[in-house]
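Some notes on the structure that comes next.
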Amino acid sequence: MTTRARTTTVSWNGANARRLDRQFLSGGAPSTGSPAQDVIAAVAAMLGAHAQVLSAAELSAGLRAPGTSRTDVRTALWTDRTLVKTFGPRGTVHLLPAEDLPMWTGALSAVPAGSSPFSKDARMTPEQVEAVVAAVADALTDAELTVDELSDEVIARTGPWAGDLVMPAFRGMWPRWRQVLHLAGHRGALCYAPNRGRKATYTNPGTVPMPAREATAELVRRYLRAYGPATPVHFAQWLAAPRGWAGRVFEELAGAGAIEKVEFEGCGAAWVAAGDTLFPSAAPRGVRLLPYFDAFGIASRPRERLFPGAAYGRALAGGQAGNFPLLLVDGTVAGVWHQRRSGRRITVTVEPLSPLGAGRRRALEEQVAAVGQVLEGNPELTVGEVTVGGHA
């Protein structure tokens, strides 16, 4: 008689507590012995820090690595070059560990392109795409160029068609080639270099992407360790990838024994990395502040469990995470916050969804002090009126 293996059942509290633990959001901290290495470990643990606004990425990393500051992040990024600012998940700007860039570029290059959002007259042929990516890589080798300088180089290497002003932009129109800027980053041909005054610059990081299947398998494993249990749909949403492709990737990894199925409260069947089935038994405790577009708020699913009740309407923008800095209480969203800086003075205003007791108020004050340390300023806390549905 064959005995069927018993499927592990994972509670929401167990999954949430483990995600917090692994991202240094529940009391633990990186222990490399070096502030710059600590911020790299923090960025690796969350699978990239969203860096469209660099100060938010500095907070995401610094708040996970007690005792570090934005200077440590900037040192790793621009001096040591152990962090890289480039186009990451969802085509958005992220900080990624330099040592992980071969995996990232290999995996991101493997994600099938969706339908073009541009008009027929603005689109590029596959041959034109390849020509532009090659031109970007060549122009940026041993160089740091602004986007206008890079544009001149790309057009010179490919042809006038690349410079056609066909892409709607914030002010005016952009040249045709700009629609594949993020793809050049995903291919490892481009990353950010230090600003030249107020202008962003780009360079070629010299990365050789990992083979696609190997890189994608490694990224799924790391994703499941950070945010599992998760479904192929969750992974596709996090990566902005086609759901069918994500399903096939998970199916192949399951067949190879690299991932295993569990029952996840609120989701049904979900996946973890093979053998990674231990979860805390206790629910999360504590108070945390997370900045705009923090990875934990974006990637944790199911979203309605992380944003329960009134938090779903107050701390999400039409169901989209990241637009509000988050107050976490015992592992779930319990309000929002914002900051205002004047010189070294940083006023942090927290708007909880329900009153905070004395113990949580003290914990919140410690978090505000940590914000001040990361941002190298003098913080002061203001607790706003309890808000529900966006209104006091």
Side-chain angles (χ1 to χ4, degrees), residues 12-13 15-21 23-27 42 46 49-50 52-53 55-64 66 227 266 282-341 345-375 377-392:
W12 161 254
N13 282 336
N16 197 31
R18 193 173 83 168
R19 292 168 182 172
L20 290 160
D21 287 344
Q23 292 194 37
F24 308 118
L25 292 175
S26 59
M46 69 179 103
H50 191 283
Q52 195 73 41
V53 178
S55 61
E58 293 166 350
L59 269 176
S60 281
L63 289 173
R64 288 168 166 83
Y227 299 110
R285 302 289 294 175
V287 174
R288 278 282 179 174
L289 294 178
L290 301 179
Y292 287 106
F293 291 101
D294 188 85
F296 181 80
I298 290 174
S300 293
R301 300 279 179 165
R303 188 160 282 170
E304 61 271 16
R305 297 300 300 267
L306 184 64
F307 295 80
Y312 199 90
R314 179 66 182 94
L316 295 172
Q320 179 179 341
N323 291 284
F324 296 95
L326 303 177
L327 166 67
L328 296 186
V329 175
D330 297 342
T332 58
V333 176
V336 298
W337 64 284
H338 55 89
Q339 60 167 300
R340 179 176 297 174
R341 183 163 192 150
R345 181 180 178 183
I346 303 172
T347 302
V348 176
T349 302
V350 179
E351 300 176 3
L353 288 164
S354 58
L356 301 175
R360 287 174 174 170
R361 174 66 182 249
R362 287 191 296 272
L364 179 58
E365 290 169 352
E366 293 175 359
Q367 281 288 289
V368 170
V371 168
Q373 178 165 2
V374 174
L375 297 182
N378 301 319
E380 63 177 37
L381 169 63
T382 299
V383 177
E385 294 184 43
V386 173
T387 58
V388 177
H391 301 283

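Looking at Trp337, its side chain does come within 3.5 Å of a backbone N or O of Leu290 through a donor-acceptor pair. Panel note: side chain Arg340, backbone Thr349; no donor-acceptor pair is recorded below 3.5 Å.
In terms of the side-chain contact (heavy atoms from CB on, under 4.5 Å) criterion, Gln373 has no residue partners (sequence neighbours excluded). Residues satisfying the side chain to side chain donor-acceptor pair (under 3.5 Å) test with Glu380, not counting sequence neighbours, are Arg345. Taking Phe296 as the reference, nothing meets the ring-ring contact (aromatic ring centres under 6.0 Å, His included) condition, with sequence neighbours excluded. Evaluation of the side chain to side chain donor-acceptor pair (under 3.5 Å) rule for Ser60 yields Asp294 as partners, not counting sequence neighbours. Every side chain to side chain donor-acceptor pair (under 3.5 Å) that Arg18 has, sequence neighbours left out, goes to Asp276. Qualifying salt bridge (Lys or Arg N to Asp or Glu O under 4.0 Å) partners for Arg361, counting only residues two or more places apart in sequence or in other chains: Glu365. Applying the side chain to side chain donor-acceptor pair (under 3.5 Å) rule to Gln23 yields the partners Arg64, Tyr227; only residues at least two apart in sequence or on another chain are considered. Residues passing the salt bridge (Lys or Arg N to Asp or Glu O under 4.0 Å) test with Arg19, sequence neighbours excluded: none. Glu366 is linked by a salt bridge (Lys or Arg N to Asp or Glu O under 4.0 Å) to nothing, counting only residues two or more places apart in sequence or in another chain.
Annotation: salt bridge (Lys or Arg N to Asp or Glu O under 4.0 Å) contacts involving residues 315-328, sequence neighbours excluded, are absent.
Counting all heavy atoms, side chain and backbone alike, Gly62 lies closest to Val374 at C-CG2, 3.6 Å. In this structure, Gly335 and Leu353 approach most closely via the heavy-atom pair N-CD1, 3.8 Å. The shortest heavy-atom contact between Val383 and Pro352 is CG1-CD, 3.9 Å. Here the closest heavy-atom approach between residue Gly372 and residue Ile346 is recorded as CA-CD1, 4.5 Å. Of all non-hydrogen atoms in Ala56 and Pro291, the two that sit nearest each other are O-CG, 3.5 Å.
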Listed pairs under 3.5 Å, donor-acceptor, residues 305-312 side chains, sequence neighbours left out:
residue : atom : partner : partner atom : Å
Arg305  : NH1  : Glu265  : OE2          : 3.4

Scan the side chains in residues 316-332 for donor-acceptor partners under 3.5 Å anywhere in the protein, sequence neighbours excluded, and list what turns up.
residue : atom : partner : partner atom : Å
Asp330  : OD1  : Gly286  : N            : 3.0
Asp330  : OD2  : Arg285  : NH1          : 3.2
Asp330  : OD2  : Arg360  : NH2          : 2.5

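Looking at Arg341 and Thr347, their side chains never come closer than 4.5 Å, going by heavy atoms from C-beta outward. Counting only heavy atoms from C-beta outward, the side chains of Ile298 and Phe293 approach each other to under 4.5 Å. Annotation: side chain of Leu289 is in contact with side chain of Leu364 (closest heavy-atom distance under 4.5 Å). Considering only heavy atoms from C-beta on, Thr382 stays 4.5 Å or farther from Val348 through its side chain.
A distance of 8.5 Å separates CZ in Arg288 from CG in Leu20, rounded to the nearest 0.5 Å.
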(message) Leu375 vs Gln339, test: side chain to side chain contact (heavy atoms under 4.5 Å, CB included). Steps then yes/no.
(response) CA-CA 11 Å; Leu375 297 182; Gln339 60 167 300; 3.4 Å; yes
